[in-house]
Amino acid sequence: MTDEQDEHVDAVLALVAQIPPGRAMTYGTIAEVLADRALAEGRRPFGGPRHVGRALARAGSGVPWWRVVNAAGRPPARHATRALALLTDEGTPLSEDGERVVLRRAIWFPDD
DNA sequence: ACATTGACTAATT
DNA sequence: TAATTAGCCAATG
């Protein structure tokens with residue numbers, strides 16, 4: 001946890017923790033935000049979307065991981081049912097079939 | 001050092 | 001709109 005690699009993991013967790021209820025972010029968006037942030041602070045470049053997923057798989061418990069969805073607005077297949085139930089409870093805008101988040105309405109940026 | 005894998009994405013069909 | 005393909009990056013064996 002003292003390596004810069006692990007600081008990247010912490011950065012992912014910190015950002016995901018800030019996503020408000022009823023909103024969501026994509027893996028790609030998170031990667032972009034952290035990449036810009038790393039550039040601004042002179043840290044090593046952030047890997048990419050897959051790195052976000054890996055970070056959550058490893059240390060995702062403890063943060064609202066269900067508010068992170070892929071570019072299609074769908075949660076990871078493995079936890080899809082559970083995630084969609086939580087998203088529904090929070091009032092997150094969902095498509096008619098209830099299987100994917102309407103990113104146009106639910107996408108969130110740290111600015112808010 | 002090489003091959004495989006994964007909570008991904010974008011472009012193509 | 002949905003399925004397929006190729007690209008991607010770090011971890012793991």
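Below, chains carry the letters A, B, ... as their sequence lines are ordered, and counting in each starts from 1.
- Rounded to an integer number of Å, the gap from A:E32 CD to B:dC8 C1' is 13 Å.
- The side chain of A:T26 sits closest to B:dT9 out of B:dA7, B:dT9, C:dA10.
- Between the C1' atom of C:dC9 and the CG atom of A:L34 lies a distance of 15 Å, rounded to the nearest Å.
- Taking atom CZ of residue A:R58 and atom P of nucleotide C:dA11, one finds them 9 Å apart after rounding to whole Å.
- The A:R54 side chain lies nearest to C:dA11 when the options are B:dA7, B:dT9, C:dA11.
- Within the 4.5 Å cutoff, no side-chain heavy atoms of A:N70 are placed close to those of A:T26.
- Residue contacts for A:R78: at a heavy-atom cut-off of 4.0 Å it reaches no nucleic acid atom on any strand shown.
- Counting any heavy atom pair closer than 4.0 Å across all strands shown, A:A71 reaches sugar-phosphate atoms only and no base atom.
- Backbone-only engagement by A:P49 is indicated by non-hydrogen atom pairs under 4.0 Å involving sugar-phosphate atoms exclusively.
- Taking atom P on both B:dA7 and C:dG7, the two are 22 Å apart, rounded to the nearest angstrom.
- Note: NE2 (A:H51) to P (C:dC8) measures 18 Å, nearest angstrom.
- As a whole-Å value, the separation of A:L56 CG from B:dC8 C1' is 12 Å.
- Which of B:dG6, C:dA10, B:dA7 sits closest to the side chain of A:R50 comes down to B:dG6.
- In this structure, CG on A:L84 lies 7.5 Å from CZ on A:R74, to the nearest 0.5 angstrom.
- When heavy atoms are screened at a 4.0 angstrom cut-off, A:G48 is found touching no nucleic acid atom at all.
- Linking ILVMFWY residues whenever their side-chain heavy atoms come closer than 4.5 Å, directly or via other members, places A:L15 and A:L56 in the same cluster.
- Going from atom OH of A:Y27 over to atom C1' of C:dC9 covers 16 Å, rounded to whole Å.
- In this structure, A:L87 atom CG and B:dA7 atom P are separated by 18 Å, rounded to whole Å.
- Atom-to-atom, CZ of A:R74 to P of C:dA2 comes out at 11 Å; the value is rounded to the nearest Å.
- The pair A:R23-A:E90 does not meet the salt-bridge criterion, since no charged nitrogen lies less than 4.0 angstrom from a carboxylate oxygen.
- Under the 30°/60° scheme for interplanar angles, the aromatic rings of A:H51 and A:H8 are found to stand perpendicular.
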